[in-house]
Amino acid sequence: MAILINGKEVAASVREKVRLEALDLKEKTGIVPGLAVILVGDDPASKIYVGNKKKACLEAGLNSFEHILPAETSQQELLELISRLNEDPAVHGILCQLPLPKHIDERAVIEAISPRKDVDAFHPVNVGKIMIGNFDFLPCTPAGVMELIHSAGVSVSGKKCTVVGRSNIVGKPMSMLLLHENGTVTVCHSKTKDLAAECREADILVAAVGKAKLITADMVKEGAVVIDVGMNRDANGKLCGDVDFENVAPKASYITPVPGGVGPMTIAMLMRNTLTAAKLTAKL
Ligand code: NDP
């Protein structure tokens, strides 16, 4: 039976470390890391995420600046707000909650955020830096996955890693981080011919698709490390991942649950990125 990787515990320890480092930064420089979160519209899930980010900031001793804008906000108005936040010395990190209403060009918004304040690491400059391996920030979810892998004492070097999903937010940067740690990486997607065979090769399998129980026990190698990024609802409306946890866990060496696995890590890494951005300002 697999050992459970407890994302709640790992995330709590990352957040506590951020809190202590933020305190130290304040004592030495007077700087309090500040995160500005922009929400356009009233998507209920996004509202919850934004609320959670504010709570996490306050717990870690960071300043939180919320900008809740109506759904009719024009792209120009949003870009003007971002421009002001780029210039605001109290704001070290800027995050615009996605998805945005359809009349706003997501790319233009991401590219308007100063790369030095881009704590989501979605700006092309930061994406390029990640590719080169010389980065200030890592995207929160893939960075959180790496933290979980490290917390289990698993070394990536020389391992066969399969990432299922190739989004810009999760799959692609995930594969790059595994590559930086010397994994031999395969990236699968909706056009992959034999997904089961690709997954069975993996010593480390990361599922980031958004399809409940896509990864079944017959697709997993005995002793594999299985990381489930997926967040779905099953037929009963219960939160579940992309992995058929019940049947995969007996075969895996380590596995992350949903909920309580990757999810809590994303906000913890956002706090860490905000601290990093503040340290960049202080040139530490
Ligand atoms: P996207 O929808 O952007 O990407 C999904 C990827 O899965 C695509 O690359 C797609 O392939 C691939 N895919 C779809 N169907 C299949 C299939 N049958 N076989 C193989 N690959 C397939 O999703 P995200 O990357 O944004 O998110 C993925 C999941 O992770 C979601 O459940 C999301 O909710 C969750 N998530 C969780 C976070 C957390 O904090 N825990 C944070 C972010 C996301 P193609 O490119 O060919 O279309």
Side-chain angles (χ1 to χ4, degrees), residues 5-12 14-15 37 43-46 48-53 55-56 95-100 106-107 110 119-122 127 130 137-149 151 161-178 185-202 205-216 218-220 226-234 237-245 255-273:
I5 305 180
N6 188 330
K8 277 193 200 158
E9 272 176 27
V10 181
V14 170
R15 284 157 61 162
V37 178
D43 176 60
S46 293
I48 294 172
Y49 295 145
V50 168
N52 289 343
K53 283 165 189 170
K55 191 165 163 261
L95 179 151
C96 191
Q97 187 67 45
L98 303 178
L100 287 164
E106 222 161 80
R107 275 276 127 221
I110 288 171
V119 282
D120 260 338
F122 293 164
V127 174
I130 291 161
F137 313 107
L138 291 174
C140 300
T141 302
V145 169
M146 295 311 293
E147 199 72 30
L148 290 178
I149 292 174
S151 78
C161 307
T162 300
V163 178
V164 191
R166 59 170 164 182
S167 70
N168 290 332
I169 292 174
V170 189
K172 278 186 208 161
M174 188 69 249
S175 62
M176 203 49 64
L177 300 194
L178 291 164
V185 184
T186 301
V187 184
C188 299
H189 44 78
S190 66
K191 309 289 186 292
T192 296
K193 284 229 167 81
D194 191 346
L195 180 66
E198 300 295 349
C199 291
R200 267 195 299 272
E201 287 287 309
L205 176 61
V206 181
V209 176
K211 291 208 165 124
K213 300 187 183 174
L214 177 76
I215 308 296
T216 48
D218 60 304
M219 298 165 76
V220 176
V226 179
I227 309 285
D228 193 350
V229 182
M231 284 208 297
N232 315 293
R233 297 272 165 198
D234 69 11
K238 211 173 134 224
L239 194 63
C240 70
D242 291 343
V243 175
D244 177 6
F245 183 88
I255 192 164
T256 61
V258 178
V262 176
M265 293 306 293
T266 300
I267 290 191
M269 302 320 281
L270 176 66
M271 298 302 110
R272 184 194 275 180
N273 280 354

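Along the sequence shown, residues are numbered consecutively beginning with 1. Every number for a ligand or one of its atoms is a count from 1 in the order of the listing. Here the structure is a predicted model, which means the values were calculated and not measured.
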Starting from [atom], what is the nearest protein heavy atom, named by residue and atom, and what distance separates them?
atom                    : value
atom 21 (N) of ligand 1 : H189 C, 3.1 Å
atom 15 (N) of ligand 1 : K211 NZ, 3.0 Å
atom 27 (O) of ligand 1 : V170 CG2, 4.3 Å
atom 25 (O) of ligand 1 : S167 OG, 2.5 Å
atom 11 (O) of ligand 1 : S190 N, 3.2 Å

>> Heavy atoms only: which of V187, V209, V258 lies closest to atom 16 (C) of ligand 1?
In response: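 Residue with the shortest heavy-atom distance to the ligand atom: V209.
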> So which heavy atom on V163 is nearest to which on G171, and how close?
Replying inline: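 Between these two residues, the closest heavy atoms are CG1-O, 3.8 Å.
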>> Can you list everything that forms a side-chain contact (heavy atoms from CB on, under 4.5 Å) with P139? Sequence neighbours excluded, please.
In response: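 For P139, the residues satisfying side-chain contact (heavy atoms from CB on, under 4.5 Å) (neighbours in sequence not counted) are A121, F122, I130, P142, P173.
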> Of the backbone atoms (N, CA, C, O) and the side-chain heavy atoms from C-beta on, which set of T192 has a member under 4.0 Å from an atom of ligand 1: side chain, backbone, both, or neither?
Replying inline: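 Within the 4.0 Å criterion, T192 makes no contact with ligand 1.
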> If you measure from each non-hydrogen atom of V229 to ligand 1, which part falls under 4.0 Å: side chain, backbone, both or neither?
Replying inline: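 Contact part for V229 vs ligand 1: both backbone and side chain.
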> In chain order, what residues pass the side chain to side chain donor-acceptor pair (under 3.5 Å) check against E9, with sequence neighbours excluded?
Replying inline: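 With sequence neighbours excluded, E9 shows a side chain to side chain donor-acceptor pair (under 3.5 Å) to N6, given in chain and number order.
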> Can a non-hydrogen atom of G230 be found less than 4.0 Å from any atom of ligand 1?
Replying inline: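 Yes; G230 lies near enough to ligand 1 that a heavy-atom distance drops under 4.0 Å.
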> Is L195 near ligand 1, meaning one of its heavy atoms is under 4.0 Å from it?
Replying inline: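 Judged by the 4.0 Å heavy-atom criterion, L195 does count as contacting ligand 1.
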Does [X], backbone or side chain, put an N or O under 3.5 Å from an N or O of ligand 1?
X    : answer
C188 : no
K191 : no
R166 : yes

